[in-house]
Amino acid sequence: MKPLRIGLAGLGTVGVGVIRLLQKNAETITARAGRPIEVVAVTARSRNKDRGVDLSSMRWHDDAVSVAQDPDIDVAVELIGGSEGPARDMVETALTRGVPVVTANKALVALHGSELTRLSAENAAPLFFEAAVAGGIPAIKLVREGLAADHLDSVGGILNGTCNYILTEMRTTGRDFGDVLTEAQAKGYAEAEPSTDVDGWDTAHKLAILTGIAFQPIVFDTLPVHGIRDVTASDLTFANELGYRIKLLGMARATGDNGIEAWVRPCLVPAKAAIAAVEGVFNAVTTQGPFSGPITISGRGAGEGPTASAVVADLIDLARGADLPVWGVKDTPAPVPCTSLGELKSAFYIRLDVEDRSGVMADLTSVLRDHDVSVHFVSQHDAAAGRAHLALVTHQAPEKAISAAITALSALPVVNGAPLVLKIEDSLQ
């Protein structure tokens, strides 16, 4: 049996994990793929670093593009990361040559999916990217293959383990964001420069990919993105008292006018929902369809083992002869902008730091009344001397009305600092 020969760029945690997995499970992988799969060419920043795996039988290239140009590879595997530079150059070079590509690069696919789709189609070179979304969870396979017959209503979930770990620790220990972030960095759950994770961009890249498969590609710059920096331990306590958990969600829905509602933001989800029980570094992908119903799958969303497993699963598919369109349809429509959220209605959680004196509630409710925002529930926690934290839960209201009300509330002398507004996502089961 002729082996499937791999050219691999990037020998970090995932790249080494792929080599280790291919070597350790070689017999099983060969049986399932129908042929051996072996890495024959590699590149990385350092040639001499001890990575704990035997690389002696592999050709070493000076750069990623050179790997993609190697005439003796059957598949190019890109595990460098980044939406530009060597990663993009390698993938585009391989596809242009008609060489299939497997990548774990969510930013590359999210930001340059249209061009990569064109190159893949023109050169009959499949592009596989299961590892780009939720690590070892088969999220792409679920949406692109398992649910291919259904017109999904929604797709999304908890797509970043760093944020989920931070929110879980804040809720269970009562510590605030900065303290838990430092701990997450020490444990290797968060990067030294964590903004891609905690500000929501990693989730946004993954959501854009899922949206492109479930509905159609979106113009990434139109996707509203908010992270978790402003969530406090007090918010998690309030949410718990209300029967909710706070999770950073990325969600996309088909709207009645053939548009796509998509956003990334921390939300309150019912404590009884399946996704609320997903804690720590775990991710979850949830879908809803008229025929398939609600589905939630969860698991580790990053790390050597889960991500390497997803990469090798794609290699097995290619060895079997799989050739799926990038977005699951032969004729991919052009990217569309996300619909404006202004008219979309939801209940909201509003947290305010206010002066603790008589008349404050009257001031607040007067502003909300003026913007047609009705309050369903109010709770108060003491803060510093002479101040209090108020949590308001609204009835259903358009998001633009909430935004206008928050601007007016922020201008009140009795309100200290910026209010926090979180969507209440009661639709998840």
Side-chain angles (χ1 to χ4, degrees), residues 9 64-65 68 75-134 139-141 143-145 147-148 151-152 155-156 159 196 200-225 250-255 257-264 314 317-318 322-340:
V65 170
V75 182
V77 176
E78 183 275 306
L79 300 175
I80 305 168
S83 61
E84 306 296 339
R88 183 180 181 184
D89 293 342
M90 177 194 188
V91 170
E92 291 185 347
T93 298
L95 294 176
T96 299
R97 290 189 60 230
V99 175
V101 170
V102 172
T103 181
N105 193 332
K106 78 277 289 183
L108 179 67
V109 178
L111 299 179
H112 301 297
S114 294
E115 175 63 12
L116 299 182
T117 298
R118 182 185 66 79
L119 290 173
S120 174
E122 287 180 355
N123 299 289
L127 172 65
F128 279 60
F129 45 92
E130 182 63 58
V133 178
I140 303 299
K141 289 183 182 295
V143 179
R144 186 165 61 176
E145 299 172 51
L147 300 175
H151 287 287
L152 292 184
V155 67
L159 305 177
T196 299
W201 295 107
D202 177 77
T203 297
H205 292 144
K206 297 169 183 175
L207 179 65
I209 293 172
L210 290 176
T211 304
I213 298 170
F215 307 117
Q216 72 180 85
I218 58 173
V219 178
F220 185 79
D221 290 344
T222 67
L223 176 63
V225 180
M251 294 298 302
R253 293 186 173 90
T255 62
D257 56 357
N258 294 319
I260 299 172
E261 166 202 340
W263 43 260
V264 174
D314 278 346
D317 278 349
L318 284 169
D323 183 7
L324 291 168
V326 173
W327 302 112
V329 293
K330 184 176 180 181
D331 298 316
T332 305
V336 297
C338 300
T339 60
S340 170

- [ ] Under the side-chain contact (heavy atoms from CB on, under 4.5 Å) rule, what do Trp201 and Val264 come out as? Steps first, then yes or no, please.
- [x] CA-CA 8 Å; Trp201 295 107; Val264 174; over 6 Å; no
Open item on the list: Determine whether Leu159 and Leu207 satisfy the following criterion, side-chain contact (heavy atoms from CB on, under 4.5 Å), listing intermediate values before the conclusion.
Closed with: CA-CA 8 Å; Leu159 305 177; Leu207 179 65; 4.2 Å; yes
TODO: Determine, stepwise, if the pair Val336 / Val219 fulfils side-chain contact (heavy atoms from CB on, under 4.5 Å).
DONE: CA-CA 5 Å; Val336 297; Val219 178; 5.7 Å; no
Task: Derivation and outcome, side-chain contact (heavy atoms from CB on, under 4.5 Å), residues Arg144 and Leu324 - done: CA-CA 9 Å; Arg144 186 165 61 176; Leu324 291 168; 3.9 Å; yes
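Here the shortest heavy-atom pairing between Asp314 and Glu130 reads OD2-N, 2.9 Å. Nearest heavy-atom pair across Gly259 and Thr339 is CA-CG2, 3.8 Å. Taking both residues in full, the closest heavy atoms of Ala132 and Lys206 are given as O-CG, 3.6 Å, listed atom of the first, atom of the second, then distance. Across every non-hydrogen atom of Glu78 and Ala87, the tightest pair is OE2-CB, 3.5 Å. When all heavy atoms are compared, the tightest approach of Ser120 to Ala125 is OG-O, 2.6 Å. The two residues Leu108 and Gly82 make their nearest non-hydrogen contact at CB-O, 4.2 Å.
In this structure, the side chains of Thr103 and Val77 stay at 4.5 Å or more apart for every pair of heavy atoms. Counting heavy atoms from C-beta on, the side chains of Leu119 and Glu92 come closer than 4.5 Å. By the 4.5 Å heavy-atom criterion applied to side chains, Lys106 and Ile209 are counted as neighbours. Annotation: side chain of Pro100 is in contact with side chain of Leu318 (closest heavy-atom distance under 4.5 Å). Glu261 is not listed as a side-chain neighbour of Phe215, based on a closest heavy-atom distance of 4.5 Å or more. At least one side-chain heavy atom of Ile140 sits under 4.5 Å from a side-chain heavy atom of Leu210.
The CG atom of Leu147 sits 13.5 Å away from atom NZ of Lys141, with the distance rounded to the nearest 0.5 Å. Atom CZ of residue Phe220 and atom OG of residue Ser114 lie 13.0 Å apart, to the nearest 0.5 angstrom.
Legend: ring-ring contact (aromatic ring centres under 6.0 Å, His included) pairs involving residues 107-130, not counting sequence neighbours: none detected.
When each of Val91, Val101, Val326 is checked for a side chain to side chain contact (heavy atoms under 4.5 Å, CB included) with Leu116, only Val91 meets the rule.
Under the 3.5 Å distance criterion, the side-chain polar atoms of Thr222 are matched with a main-chain donor or acceptor of Cys338.
Residues forming a side chain to side chain donor-acceptor pair (under 3.5 Å) with Arg118 (at least two apart in sequence, or on another chain): Glu115, Glu122. Contacts of Thr117 classified as side chain to side chain donor-acceptor pair (under 3.5 Å), with partners at least two apart in sequence or in another chain: Trp327.
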